[in-house]
Amino acid sequence: MLDVKVIREKTEWVCARLAARNAGDEVNIQEIIALDDARRKNLSEVEVLRANRNKVSKEIGVLMGKKQFDEANLRKQETTEIGQKISDLDKKLQEIESQREAMLLKTPNTPHDTVPYGKTSEDNPVVKTYGEKKIFSFKPLNHVELCEKLNLIDFQRATKISGRGFILYTNLGARLERGLINFLLDTHTREHGYTEIQPPLMVTQECMYGVGQFPKFRDQAYTIQEGLDAETLGKQYLLPTAEAALVNLHRDEILKEEELPKRYCAYTPCFRAEAGAAGLGTRGLIRVHQFDKVELVKIVEPEKGYEELEKLLLNAEKILQLLGLHYRVISLCTGDLGFTSAKTYDIEVWAPGQDQYLEVSSCSNCEDYQARRMGLRFKKADGTLCFPHLLNGSGTALARLYVALLETYQQPDGSILIPEVLRPYVGTDQIKI
RNA sequence: GGAAGGGUGGCUGAGUGGACUAAGGCGCCUGACUCGAAAUCAGGAGAUGUCGCAAGGCAUCCGGGAGUUCGAAUCUCCCCUCUUCCGCCA
């Protein structure tokens with residue numbers, strides 16, 4: 001969440017940045033400031049009363065020691081009155097604080113000054129491209145046709161056993177998916193210096209708040225416990241992304257400066273309810289409820305946040321380069337930025353069978369927005385505490401990568417050529433009927 | 001799932017209603033001694049919030065929450081978590 005101090009001191013800048021990202025009507029900076037003013041006023045009143053009570057209580061202790069019980073009893077009445085005032089004011093204060101907290105949790109991050117201004121995804125500029133669209137001597141098939149022909153995915157049975165939006169890889173199709181996962185993990189851990197993590201697939205509500213999924217995207221999350229009320233603490237949610245687990249690894253901790261940067265990498269399935277996306281029903285792998293993803297997360301000193309974002313992007317790009325796929329990188333404009341992000345690059349890979357670019361990675365610097373939500377700090381050499389920048393990026397999403405791979409490497413005879421780097425992982429150089 | 005016992009500062013560990021302003025030890029920082037270090041001696045040191053130009057003051061913090069009390073690390077209740085034992089289990 002945003003720092004209230006910054007909101008108070010740079011109010012105009014914050015409002016302008018939030019307006020640029022089309023923050024909704026639910027965000028009201030003036031109201032946050034008003035609540036904060038009310039909080040301060042009430043707080044100092046309560047504190048004066050408390051100081052008073054502490055003082056008198058101490059005096060009572062002394063009187064009791066001297067066995068001056070009458071005098072002590074007199075003073076007790078005094079503190080009882082003060083106590084009543086305190087609990088009344090305290091109640092009011094708690095109400096104000098929870099409103100203030102709720103407003104802050106609903107307020108998205110402020111875009112970095114280098115983020116291009118724009119309203120929608122139409123306004124996202126392309127910042128670089130790699131390779132070019134492959135020319136085919138025949139009409140390339142799309143991945144659904146290829147998967148069915150080559151028996152890589154069984155769409156009918158996936159729907160039968162799990163419903164719409166699930167994938168059932170079979171035979172070489174399954175091995176290709178597993179091979180890709182291993183290739184991605186190996187590349188990031190061995191070549192790029194990330195520490196491999198295998199997190200639980202379910203996390204607590206606190207983690208969902210910390211990462212910024214809640215409260216805004218609560219309806220996107222799957223939970224599998226029934227019969228408990230929604231506010232029950234300890235209730236668990238299926239990961240919408242491994243980011244939700246990785247970013248929370250050090251929640252409520254104070255890291256040492258020399259421990260930074262931390263780089264984590266994890267493969268997990270990702271579960272998304274995609275509420276409200278019904279009807280977007282693209283057949284195949286483009287939009288599903290469960291997909292595999294390898295996620296990268298970094299915890300870094302604030303001064304290095306943006307330098308590390310560029311490196312993170314390069315780490316993700318490297319995957320597509322090694323696989324010989326054509327892609328472009330776009331910089332999300334202010335209006336298209338994710339809730340927690342201050343700056344985001346998307347990587348879009350070319351899928352010839354779809355005749356379109358598919359988003360396979362999103363690399364963001366959330367600055368200290370998430371760290372603040374989850375109470376993650378580090379201690380600087382001079383002893384002061386500081387919120388680190390949290391970065392996350394897909395390295396990459398698997399399902400769409402799979403699409404691009406099949407569609408790019410299809411041959412005139414309907415077979416698929418496996419790129420060199422993947423052959424040890426798949427155990428074959430081509431997939432044919 | 002059942003039973004019992006724990007959770008105190010960076011770590012260890014004492015504290016069972018009023019000097020806890022959380023002892024002592026270890027580690028840490030500063031200074032003295034030293035050419036320098038070790039050892040020794042002296043001193044210092046938390047977080048959050050808030051008020052203040054500042055010096056500094058005040059409040060809160062002993063796993064979390066609620067309660068009893070004039071006053072809670074300490075008493076009561078609920079929850080989380082760890083350890084051990086039992087049951088179940090890939």
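Reminder, nothing fancy here: chain letters follow the sequence lines and each chain counts from 1.
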Within the 4.0 Å limit for protein heavy atoms, which parts of nucleotides 57-63 of chain B are touched? Write it as a string from 5' to 3', B for base, S for sugar-phosphate only, - for none. -BSS---
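Across the P atoms, G43(B) and C51(B) are found 36 Å apart, a figure rounded to whole Å. Rounded to the nearest Å, the gap between the P atom of U81(B) and that of U68(B) is 28 Å. Nucleotides U76(B) and G27(B) have their C1' atoms positioned 38 Å apart, rounded to a whole Å. Across the P atoms, C11(B) and A66(B) are found 25 Å apart, a figure rounded to whole Å. Spacing of C1' atoms, U74(B) relative to C20(B), comes out at 11 Å, to the nearest Å. Going from the P atom of C89(B) to that of A4(B) covers 24 Å, rounded to whole Å. A gap of 22 Å separates the P atoms of U60(B) and U8(B), to the nearest Å. G9(B) and U84(B): their C1' atoms are spaced 28 Å apart (whole Å).
Ion pairing between Lys5(A) and Asp36(A) fails under the 4.0 Å rule for side-chain N and carboxylate O. Using a 4.0 Å cut-off between charged nitrogen and carboxylate oxygen, Glu301(A) and Lys304(A) count as a salt-bridge pair.
One can place NZ of Lys76(A) at 13 Å from C1' of U68(B), the figure rounded to the nearest angstrom. Atom CD in Glu259(A) sits about 14 Å away from atom P in G10(B), given to the nearest Å. The interatomic distance linking Glu59(A) (CD) with C70(B) (C1') rounds to 11 Å, in whole Å. Here U69(B) presents its P atom at 14 Å from CG of Asn73(A), a figure rounded to the nearest Å. Rounded to whole angstrom, the span from the CD atom of Gln84(A) across to the C1' atom of C70(B) amounts to 14 Å. If you measure from atom CG of Asp90(A) to atom P of G65(B), you get 13 Å, rounded to the nearest angstrom. Following rounding to the nearest Å, Phe69(A) (CZ) and C70(B) (P) show an atom-to-atom distance of 15 Å. The distance from atom CD1 of Ile86(A) to atom P of U69(B) is 15 Å, rounded to the nearest whole Å.
Among the atoms of the strands shown, only primed sugar atoms or phosphate atoms (P, OP1, OP2) are found under 4.0 Å from some heavy atom of Arg40(A). Counting non-hydrogen atoms under 4.0 angstrom, Ile254(A) reaches nothing in the nucleic acid. Residue contacts shown for Thr79(A) are limited to sugar-phosphate atoms, with no base heavy atom under 4.0 Å away. Among the heavy atoms of the strands lying under 4.0 Å from Leu43(A) are primed sugar atoms or P, OP1, OP2 only; no base atom is included.
Heavy atoms from other residues, nucleotides or ligands lying under 6.0 Å from CZ of Arg8(A) number more than 12. Residue Gln430(A) qualifies as enclosed at atom CD: its count of foreign heavy atoms under 6.0 Å is above 12. Crowding of Glu420(A) atom CD: a count of heavy atoms from other residues, nucleotides or ligands under 6.0 Å not exceeding 12.
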Before you tell me yes or no, could you show the steps for Lys343(A) and Tyr306(A) under side chain to side chain contact (heavy atoms under 4.5 Å, CB included), namely the whole-Å CA-CA distance, both residues' side-chain angles and the distance that decides it to 0.1 Å? CA-CA 9 Å; Lys343(A) 181 168 187 172; Tyr306(A) 283 94; 3.8 Å; yes
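Of the residues listed (Ile416(A), Val403(A), Ile153(A)), the one engaging Leu146(A) in a side-chain contact (heavy atoms from CB on, under 4.5 Å) is Ile416(A), and it is the only one.
Checking Arg39(A) against Gln99(A) by side-chain atom types alone, no donor-acceptor pair falls below 3.5 Å.
When each of G18(B), U50(B), A66(B) is scored by its nearest atom to the side-chain atoms of Gln94(A), the top-ranked nucleotide is A66(B). Listed candidates were G49(B), A47(B), C70(B). Nearest to the side chain of Thr80(A) is C70(B). The side chain of Ile60(A) lies closest to C70(B) when the candidates are A66(B), C70(B), U50(B).
Counting only Watson-Crick and G-U wobble pairs whose two key distances fall under 3.5 Å, RNA chain B forms stems of three or more stacked pairs at B:1-7 with B:80-86, B:10-12 with B:24-26, B:28-32 with B:40-44, B:46-51 with B:56-61, B:63-67 with B:75-79.
Comparing Thr384(A) and Val62(A), the nucleotide of RNA chain B nearest to each residue sits closer to the 5' end for Val62(A).
Between Tyr402(A) and His143(A), the distance separating the two ring centers is not shorter than 6.0 angstrom.
In this model, the phosphate group of A47(B) is not approached by any side-chain N or O of Arg377(A) to a distance below 4.0 Å at OP1 or OP2.
Side-chain atoms of Asn109(A) come within 3.5 Å of backbone atoms of Cys366(A) as a donor-acceptor pair (strictly under, hydrogens ignored).
Side-chain contact between Ile181(A) and Asp292(A) is present, with heavy atoms from C-beta onward closer than 4.5 Å.
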